[in-house]
Amino acid sequence: MNESLIQYIFGIADNALILGQRLGELCGHGPTLETDIAGTNIALDLLGQTRSYYQYVAQLQGGVATEDTVAFLRLERDYKNVLLVEQPNTDFAYVMARQFLFDQFHLLLLEKLQFSQDETLAAIAKKSIKEVSYHVRFSSDWVRRLGDGTDESHERIQEAICHLWQFTEELFEMTQADSEMVVQGIGVDVSQLKKAYHQNVSEVLSEATLKTPVLEFFQKGGKTGRHSEHMGYILTDLQYMQRTFPNMTW
Amino acid sequence: MKNWPLWEVFIRSKNGLEHRHCGSLHASDATMALENARDVYTRRMEGVSIWVVESKYITASNPELNGEMFEPAKDKAYRHPTFYELPDELKHM
Amino acid sequence: MSEKEIKSLEEIFEKRIANDEKIEPKDWMPEKYRQTHIRQISQHAHSEIVGMLPEANWITRAPSLRRKVALLAKIQDEGGHGLYLYSAAETLGISRDEMYEQLHSGAAKYSSIFNYPAITWADMGAVGWLVDGAAIINQVALMGTSYGPYSRAMIRICKEESFHQRQGYEILLTLCNGTPEQKAMAQDALNRWWWPSLMMFGPKDAESPNTEQSVKWKLKRKTNDELRQQFIDQTVPQANILGLTIPDPALKWNEARKHYDFGEIDWNEFWQVVKGHGPCNKQRLDARRTAWEKGTWVRDAAMAYAEKQEMKLEKAV
């Protein structure tokens with residue numbers, strides 16, 4: 001069993017799971033029916049990607065492992081998603097800012113991952129690129145609308161971007177698993193994506209009449225399993241059934 | 001506050017077929033109308049191409065004028081091939 | 001228009017419907033037809049979007065990834081169905097915002113079933129099996145309704161809904177083939193959802209004054225009691241396959257009628273919930289109002305942006 005590979009996949013897949021979970025909370029509560037349906041589509045894309053990754057992990061783990069044991073039965077420290085995706089749905093500005101800041105990274109990552117030496121990961125990435133390209137378009141459009149909309153929306157989205165900015169540096173942090181997988185030609189060197197990310201993000205922000213924040217101190221930890229206070233609550237919901245009724249089929 | 005206008009959505013289900021009206025939705029601009037149409041009306045692979053047009057730009061005929069609009073075509077049977085009586089043995093026509 | 005002229009228009013109109021012709025948005029229609037349709041279609045739309053809430057309550061807690069995506073997709077469909085129906089109602093000259101206003105003020109009703117709580121995972125099964133099952137019976141009948149846009153929306157909805165009930169039944173089937181705890185969870189859900197599901201078909205025919213007019217306009221193809229009976233007859237064997245007991249001691253096959261006899265529905269409860277005294281009426285309406293109010297600045301921003309973009313375009317020309 002290749003533990004580094006599994007850890008590496010968690011570093012990608014857990015982002016999709018947790019962001020999908022966050023978007024799932026919003027279903028039925030969107031600002032319009034159309035926006036609600038669109039948000040759910042993104043959640044479904046992300047959860048679909050999650051399943052593909054976890055099925056692969058389960059296969060690598062062997063034995064009784066399934067996509068669900070992988071998704072539901074880990075301890076908080078064993079989830080390797082970035083802090084950004086676990087941030088709450090404070091308001092629509094935060095939801096779109098979080099989505100935008102993640103999507104921009106996600107697409108760059110997948111564009112590299114599609115050339116992974118690991119065929120399964122390459123295939124998942126290739127399929128996901130189409131979905132995530134749409135996510136980028138969708139969230140960028142909304143950042144423009146909110147940024148260049150009303151005074152209130154401008155203020156709200158700027159605040160959300162400024163607040164969430166502190167979680168962006170972690171996206172480019174190399175974990176031990178990342179480094180090992182890069183050496184094997186399986187993983188992506190995310191530290192190399194930073195420049196393109198900042199360029200793409202700043203471009204949209206400036207079109208949206210928004211300022212790109214400048215920060216010297218960033219929050220990190222999710223990638224090594226040290227999460228925010230929010231994570232426990234996310235997992236409480238996520239794992240509720242599996243923990244309350246262990247070893248059953250649903 | 002102004003409400004998001006109504007748009008009509010037309011979808012081509014596959015190449016070779018025409019776009020067909022499939023419903024409407026609300027959106028603040030054309031880009032959003034297209035995106036919303038994609039998310040609302042093509043969730044089950046219903047389309048390969050989408051048109052959206054703001055509903056107010058559609059001019060519709062008035063059904064009260066249906067008599068003068070459409071009935072005059074009724075007695076013009078000579079526009080149809082069956083109007084012409086030709087022998088059965090005639091082929092390829 | 002004189003009264004006589006209206007009368008003759010009405011006669012032509014009724015004749016068209018009797019001949020199975022569809023009525024389209026710009027056609028002349030009696031004011032009562034328009035109002036009745038606005039009321040029924042918007043209620044139907046409200047039911048779809050309020051109906052998202054009890055199930056949405058379980059998205060984050062779904063017990064497997066497969067169940068989670070299926071549930072999300074199903075709830076999303078309900079949003080889509082609400083949208084189709086609002087669009088159909090809008091062709092009658094009412095805006096979606098006006099309809100929301102009616103929902104939020106309590107002036108418009110929605111299906112009372114959604115005022116019941118979804119408290120266990122088995123409820124996702126019971127809602128899909130019973131609530132969607134009952135809804136489908138109503139909706140299939142409405143595919144042939146006289147108003148074109150409503151009929152088309154129903155056709156689209158019925159096509160998409162076919163997976164909803166199967167999704168619910170499969171959840172229960174899995175529970176019933178599972179541990180004793182799971183089976184008990186399924187039985188408990190059936191116990192709680194059975195009677196409210198029967199109430200979904202509305203009051204008894206004797207107490208349902210609108211029926212005759214609605215039948216004429218094909219807003220109703222069968223009466224409340226007929227649909228309820230059809231639902232019971234088709235659901236009892238499905239419960240048997242699950243090995244669950246329907247919570248009605250009076251339920252019994254009547255060989256002479258070729259239908260199941262069943263016990264008396266608690267009509268007091270029905271009317272109380274309709275009047276707003278169900279377990280979740282306030283919670284559901286609050287959730288809808290909150291979503292709408294919290295969305296105001298977002299909708300305004302999108303409009304402001306669109307206007308600015310248009311001005312830029314005009315300047316450029």
Side-chain angles (χ1 to χ4, degrees), chain A residues 17 20-37 39-41 43-44 47-48 50-51 54-55 66-68 70-72 91-93 96 141-142 144-154 156-157 208 234 236-242 244-245 247-250, chain C residues 45 48-69 71-73 75-80 82-83 86 96 100 120-121 171 174-175 177-179 181-182 185 287-288 290-309:
Chain A
L17 172 69
Q21 182 79 355
R22 273 294 191 217
L23 291 173
E25 293 171 17
L26 292 168
C27 181
H29 305 276
T32 70
L33 209 36
E34 285 82 354
T35 321
D36 201 307
I37 292 168
T40 303
N41 262 354
L44 283 169
L47 292 170
T50 306
R51 293 185 70 191
Y54 287 174
Q55 282 162 10
T66 66
E67 60 175 27
D68 290 328
V70 176
F72 297 97
D91 66 8
F92 190 75
M96 276 307 127
D141 281 347
W142 267 108
R144 290 189 195 94
R145 284 188 195 106
L146 299 181
D148 199 13
T150 60
D151 290 347
E152 182 183 2
S153 71
H154 179 88
R156 281 179 184 258
I157 187 73
I234 295 176
T236 304
D237 268 8
L238 182 76
Q239 301 184 338
Y240 168 63
M241 290 298 292
Q242 290 276 351
T244 314
F245 306 95
N247 302 316
M248 298 184 196
T249 305
W250 302 96
Chain C
E48 294 282 355
I49 60 160
V50 175
M52 296 169 80
L53 299 170
E55 289 174 289
N57 182 30
W58 277 91
I59 293 168
T60 58
R61 291 179 293 167
S64 74
L65 291 177
R66 181 173 175 270
R67 294 287 180 216
K68 195 189 284 285
V69 292
L71 184 64
L72 250 178
I75 301 170
Q76 184 193 40
D77 268 358
E78 281 156 11
L83 195 153
Y86 283 125
R96 195 195 292 176
Y100 275 159
T120 73
W121 171 250
I171 287 173
T174 310
L175 294 180
N177 291 330
T179 64
E181 275 163 297
Q182 286 176 303
M185 195 191 281
R288 284 312 319 159
T290 306
W292 187 244
E293 283 161 16
K294 278 190 171 171
T296 305
W297 71 268
V298 179
R299 296 188 301 274
D300 287 349
M303 270 325 287
Y305 175 80
E307 280 163 11
K308 280 187 199 174
Q309 292 305 108

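These numbers were taken from a predicted model, which means no experiment stands behind them. Labels below follow one simple rule: chain letters A, B, ... track the order of the sequence lines, proteins then strands, and each chain is numbered from 1. Reckoned from all heavy atoms, side chains included, excluding hydrogens, waters and symmetry mates.
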- Between C:Ile49 and A:Leu33, does a side chain to side chain contact (heavy atoms under 4.5 Å, CB included) hold up when you go through it step by step? CA-CA 9 Å; C:Ile49 60 160; A:Leu33 209 36; 3.6 Å; yes

- Task: Using the six-membered ring wherever Trp is involved, compare the ring planes of C:Trp58 and A:Tyr240 and label them parallel, tilted or perpendicular (cut-offs 30° and 60°).
- Result: tilted

- Item | Minimum heavy-atom distance A:Trp250-C:Arg67, with the two atoms named | O-NE, 2.6 Å

- Would a distance-only check, ignoring hydrogens and angles, find a side-chain to backbone donor-acceptor pair under 3.5 Å from A:Arg145 to C:Ala301? no

- How far apart are the closest heavy atoms of C:Gln182 and A:Thr249, and which atoms are they? NE2-O, 2.8 Å

- Item | Listed once per pair and sorted, the salt bridge (charged side-chain N to carboxylate O under 4.0 Å, His left out) pairs that draw on residues 48-66 of chain C, sequence neighbours left out | C:Glu55-C:Lys74, C:Arg66-C:Glu170

- Task: List the atom of C:Ile59, the atom of A:Cys27, and the distance in Å for their closest heavy-atom pair.
- Result: CD1-CB, 3.6 Å

- Donor-acceptor contact below 3.5 Å, side chain C:Lys294 vs main chain A:Pro31: no

- Note on the structure: Under 4.5 Å to a heavy atom of chain A? For C:Ser64 that would be both

- Message: My understanding is that only residues two or more places apart in sequence, or in another chain, count here; which of them pass ring-ring contact (aromatic ring centres under 6.0 Å, His included) with C:Tyr100?
- Response: C:Tyr86, C:His104, C:Trp292

- Item | A:Arg51 (side chain) donor-acceptor with C:Leu65 (main chain) under 3.5 angstrom | no

- Message: I'd like to know if the side chain of C:Glu78 and the backbone of A:Gly28 have a donor-acceptor N/O pair within less than 3.5 Å.
- Response: no

